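Here is the structure we will look at.
Just so we're clear, the structure is a prediction, and the values are computed from it rather than from any experiment.
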Amino acid sequence: MEAKTLQFDDGLLRLDINGSGLLTFNPTDFNVYQRFFQLLQELPQLEQRYAEQVEQPGGADEMALAGQALERALALDREIKDRLGQVFGPGNDFDQLLGGVNVMALGGNGERVITNLLNALSPYIEEGARRHMDSAAQAARLSREQRRAAQT
């Protein structure tokens, strides 16, 4: 027996990320909103960690230190890309979406790639949260009106 396909409006937004692939998520999902802004709040600490571990190594053996710094840079890049996957869902491969670029690399504007990405996504997240809250408020008003009508 052939499987049937069920298609419905799941509210997913699909954004082409610099031609590297589609980021797919529901911008009205409060879970996405909460995880996104938690990561945004943690970004200064992540950047500080990167600066301490990678950009400011100290010691005598420069080759060994350079190798260790590269390993730490790769580990932090993987950690943040994994976090981005947790924010937006497991179907989103941020290494692919960012073309393999380390999230702590600098963009042409001098900001880190992760900062540019989060800043570019913020309006979609904020608009989705606003739509969700407006919808919830409208549903609450309708429910109150229905209860009042039932009482009369």
Side-chain angles (χ1 to χ4, degrees), residues 1-56 69-152:
M1 179 180 205
E2 187 176 324
K4 297 183 187 238
T5 301
L6 175 66
Q7 293 183 331
F8 62 96
D9 181 359
D10 53 10
L12 292 179
L13 174 64
R14 290 165 181 83
L15 297 172
D16 184 343
I17 305 296
N18 292 340
S20 294
L22 293 178
L23 171 61
T24 304
F25 67 100
N26 185 324
T28 64
D29 181 348
F30 264 23
N31 293 333
V32 171
Y33 179 84
Q34 185 272 332
R35 292 186 303 254
F36 178 84
F37 282 101
Q38 182 178 6
L39 179 58
L40 199 59
Q41 289 174 340
E42 293 172 13
L43 188 57
Q45 291 90 3
L46 293 169
E47 288 178 329
Q48 180 64 32
R49 231 174 84 200
Y50 183 79
E52 291 170 358
Q53 293 179 357
V54 177
E55 295 177 336
Q56 302 168 359
L70 287 174
E71 287 176 21
R72 288 190 294 266
L74 289 171
L76 188 56
D77 180 58
R78 279 191 300 273
E79 178 185 333
I80 294 172
K81 286 175 180 171
D82 287 347
R83 290 285 307 282
L84 286 166
Q86 292 168 6
V87 169
F88 292 101
N92 295 297
D93 179 349
F94 279 88
D95 196 49
Q96 176 192 349
L97 292 172
L98 297 174
V101 173
N102 188 302
V103 295
M104 290 299 181
L106 298 177
N109 62 356
E111 295 289 337
R112 296 200 188 275
V113 168
I114 184 67
T115 301
N116 288 336
L117 174 65
L118 296 179
N119 286 341
L121 288 169
S122 287
Y124 294 100
I125 301 292
E126 291 169 358
E127 171 62 18
R130 186 194 58 74
R131 282 186 22 231
H132 181 92
M133 291 176 11
D134 289 350
S135 176
Q138 183 179 3
R141 280 192 300 276
L142 180 60
S143 178
R144 280 192 304 273
E145 290 171 6
Q146 289 173 342
R147 284 194 309 271
R148 288 182 188 143
Q151 291 174 348
T152 59

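- By the 6.0 Å contact criterion, CG on Asn18 is open, its count of non-hydrogen atoms from other residues, nucleotides or ligands being 12 or less.
- Here the shortest heavy-atom pairing between Arg83 and Glu42 reads NH1-OE1, 2.6 Å.
- Proximity of Leu43 to Arg112: side-chain heavy atoms (C-beta onward) are nowhere separated by under 4.5 Å.
- Of the residues Thr24, Leu22, Val87, Leu84, the one that meets the side chain to side chain contact (heavy atoms under 4.5 Å, CB included) test with Asn92 is Thr24.
- Partner Phe88 forms a side chain to side chain contact (heavy atoms under 4.5 Å, CB included) with one of Asn26, Leu97, Ile125 and no other, that one being Ile125.
- Atom CD of Gln48 is separated from atom CD of Gln53 by 10.0 Å, given to the nearest 0.5 angstrom.
- With sequence neighbours left out, Arg35 forms a salt bridge (charged side-chain N to carboxylate O under 4.0 Å, His left out) with no residue at all.
- Taking CZ of Phe36 as the start and CD of Gln38 as the end, the distance is 12.5 Å to the nearest 0.5 Å.
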Using residues 74-82 as the side-chain source, report each donor-acceptor pair under 3.5 Å to any protein atom, sequence neighbours left out, with the distance given to one decimal.
residue: Asp77; atom: OD1; partner: Lys81; partner atom: NZ; Å: 3.4
residue: Asp77; atom: OD1; partner: Val103; partner atom: N; Å: 2.8
residue: Asp77; atom: OD2; partner: Lys81; partner atom: NZ; Å: 3.0
residue: Glu79; atom: OE1; partner: Arg49; partner atom: NH2; Å: 2.7
residue: Glu79; atom: OE2; partner: Arg49; partner atom: NH1; Å: 3.2
residue: Lys81; atom: NZ; partner: Asp95; partner atom: OD1; Å: 2.6
residue: Lys81; atom: NZ; partner: Val101; partner atom: O; Å: 2.9

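- Residues Leu46 and Met104 form a side-chain contact, since some pair of their non-hydrogen atoms from C-beta on lies under 4.5 Å apart.
- Minimum interatomic distance between Pro27 and Gly11 (heavy atoms only, all atoms of both residues): CD-O, 3.6 Å.
- Closest approach of Ala120 to Pro123, counting heavy atoms only: O-CD, 3.4 Å.
- Summarising the geometry of Ala69 relative to Val54, their closest heavy-atom pair is O-CG2, 3.6 Å, with the distance given to 0.1 Å.
- Here the closest heavy-atom approach between residue Asn116 and residue Glu111 is recorded as OD1-CB, 3.3 Å.
- To the nearest 0.5 angstrom, Leu121 atom CG is 11.0 Å from Glu126 atom CD.
- Annotation: Tyr124, atom OH; neighbour count of heavy atoms from other residues, nucleotides and ligands within 6.0 Å does not exceed 12.
- For the atom pair Leu23 CG and Gln96 CD, the distance stands at 11.0 Å (nearest 0.5 Å).
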